[in-house]
Student: 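Quick one: structure below, then a few questions.
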Amino acid sequence: MKRSLQVLGAVLVGWGVLAGSSWAAGPAATNLTTPAAASKQALIDTGAPGGWFGYWGFDIYTEQTVGARFTVPVDSDFKLSRIGIWLMNNSDVDQAKIKLTLQTDALDEGGGESLPSGHKLEHWTAPVATFGWTPVQQFFSSEKTPRLKAGHSYWVVAESKAKALKNAVWVTAAEGLLFTSTTYQGAWQTGGEGAALTLLVDAKPVAPK
């Protein structure tokens, strides 16, 4: 698509916009999800996409992997139930597959800064469930239900082998900030707060012993 911006580079300050982004002033977003069960708790819910700039987000393709961080409340451990993100598609004919992983934070693995550690607690693979710039919310249900420790941060990471202009796009929320990072030439860039990627993480609290 001609409106797609496939740009590589460092984090752009000001509006919190990362390089490798796509924009769309398209139709209403589509929600593919069902309501969460009452026993689940949203550890993070950035809300639906939209806002003044329309729909835009970060390209997930061979040249860029995208990660968003969330932190577990300090009062309890949780077991992961599902992850939801909003996606749109730079193609009208191809449905590129994305690989989504839940990773620990590098600071918990001996690293020097908050980034995806590479230690994967669970992973999923699925094609983007839309064509063009009509965002849909896709859910990734947990089978392993990994334990998320109270007060610790985790990363949701999206990557793909799709080529530019045939790739999925992780759409930003209508408002809010979130700690995120993208890769450049295969290496994670220093993370920071910017425009929030759409992210919902449902989990069940672990009963104290």
Student: Do R69 and S114 pair up side chain to side chain, a donor and an acceptor below 3.5 Å, judged on atom types alone?
Tutor: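 Looking only at side-chain atoms, S114 and R69 do form a donor-acceptor pair, the distance falling under 3.5 Å.
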Student: Could you pull out all residues at least two apart from A174 that satisfy side-chain contact (heavy atoms from CB on, under 4.5 Å)?
Tutor: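 Here no residue qualifies.
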Student: Are W124 and L87 connected into the same hydrophobic cluster when the rule is that any two of I, L, V, M, F, W, Y join if their side-chain heavy atoms are below 4.5 Å apart?
Tutor: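 Yes, L87 connects to W124 through the hydrophobic network.
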Student: Report yes or no: do F179 and V201 belong to one cluster of Ile/Leu/Val/Met/Phe/Trp/Tyr joined by side chain heavy-atom distances under 4.5 Å?
Tutor: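 Looking at the clustering, V201 is in a separate group from F179.
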Student: Does K149 have any side-chain contact (heavy atoms from CB on, under 4.5 Å) partners at least two apart in sequence or in another chain, and if so, which?
Tutor: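 With neighbours one apart ignored, the set is D77, H152, Y154.
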Student: Run the side-chain contact (heavy atoms from CB on, under 4.5 Å) test against T130 and tell me which residues pass, sequence neighbours left out.
Tutor: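 If we apply the side-chain contact (heavy atoms from CB on, under 4.5 Å) test to T130, skipping adjacent residues, the hits are N89, V128, T134, V136.
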Student: Does L197 belong to the same Ile/Leu/Val/Met/Phe/Trp/Tyr cluster as W155, with side-chain heavy atoms less than 4.5 Å apart forming each link?
Tutor: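 Per the 4.5 Å side-chain linkage, L197 and W155 are not co-clustered.
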Student: Among all residues two or more places apart in sequence or in another chain, which pass the side-chain contact (heavy atoms from CB on, under 4.5 Å) test with P73?
Tutor: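 P73: side-chain contact (heavy atoms from CB on, under 4.5 Å) contacts with Q41, L43, D75, F78.
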Student: Could you tell me whether the side chain of Q64 and the main chain of D59 form a donor-acceptor pair under 3.5 Å?
Tutor: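 Present.
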Student: Does the side chain of S142 pick up a donor-acceptor pair with the side chain of E122 at under 3.5 Å?
Tutor: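 Side chains of S142 and E122: pair found under 3.5 Å.
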Student: Does S153 have any side chain to side chain donor-acceptor pair (under 3.5 Å) partners at least two apart in sequence or in another chain, and if so, which?
Tutor: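 Listed in chain order: T71.
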Student: Counting neighbours of CD on E175 that are heavy atoms of other residues, nucleotides or ligands and sit closer than 6.0 Å, is the number greater than 12?
Tutor: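 It does not: E175 CD has 12 such atoms or fewer within range.
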Student: In the single-linkage hydrophobic clustering (I, L, V, M, F, W, Y; side-chain heavy atoms under 4.5 Å), do I85 and F58 co-cluster?
Tutor: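 Both belong to a single hydrophobic cluster.
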Student: Just jot down the salt bridge (Lys or Arg N to Asp or Glu O under 4.0 Å) partners of D105, sequence neighbours excluded, or say none.
Tutor: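 With sequence neighbours excluded, D105 shows a salt bridge (Lys or Arg N to Asp or Glu O under 4.0 Å) to no residue whatsoever.
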Student: Between Q138 (side chain) and A129 (backbone), is there a donor-acceptor pair under 3.5 Å?
Tutor: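 Checking the backbone N and O of A129 against the side chain of Q138, a donor-acceptor pair under 3.5 Å is found.
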Student: Is I98 close to F140 at the side-chain level, that is, under 4.5 Å between some pair of heavy atoms?
Tutor: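 Yes, close enough: below the 4.5 Å cut-off.
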Student: Within the 3.5 Å criterion, strictly below it, is a donor on E109 or T104 matched to an acceptor on the partner's side chain?
Tutor: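 Side-chain D/A pair, E109 to T104: present.
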Student: Applying the 4.5 Å side-chain criterion to the ILVMFWY set and letting contacts propagate, would W56 and L199 be lumped into a single cluster?
Tutor: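 Cluster IDs for W56 and L199 match.
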Student: Between S181 and T190, is there a donor-acceptor pair closer than 3.5 Å when you use the side chain of the first and the backbone of the second?
Tutor: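 Checking the backbone N and O of T190 against the side chain of S181, no donor-acceptor pair under 3.5 Å is found.
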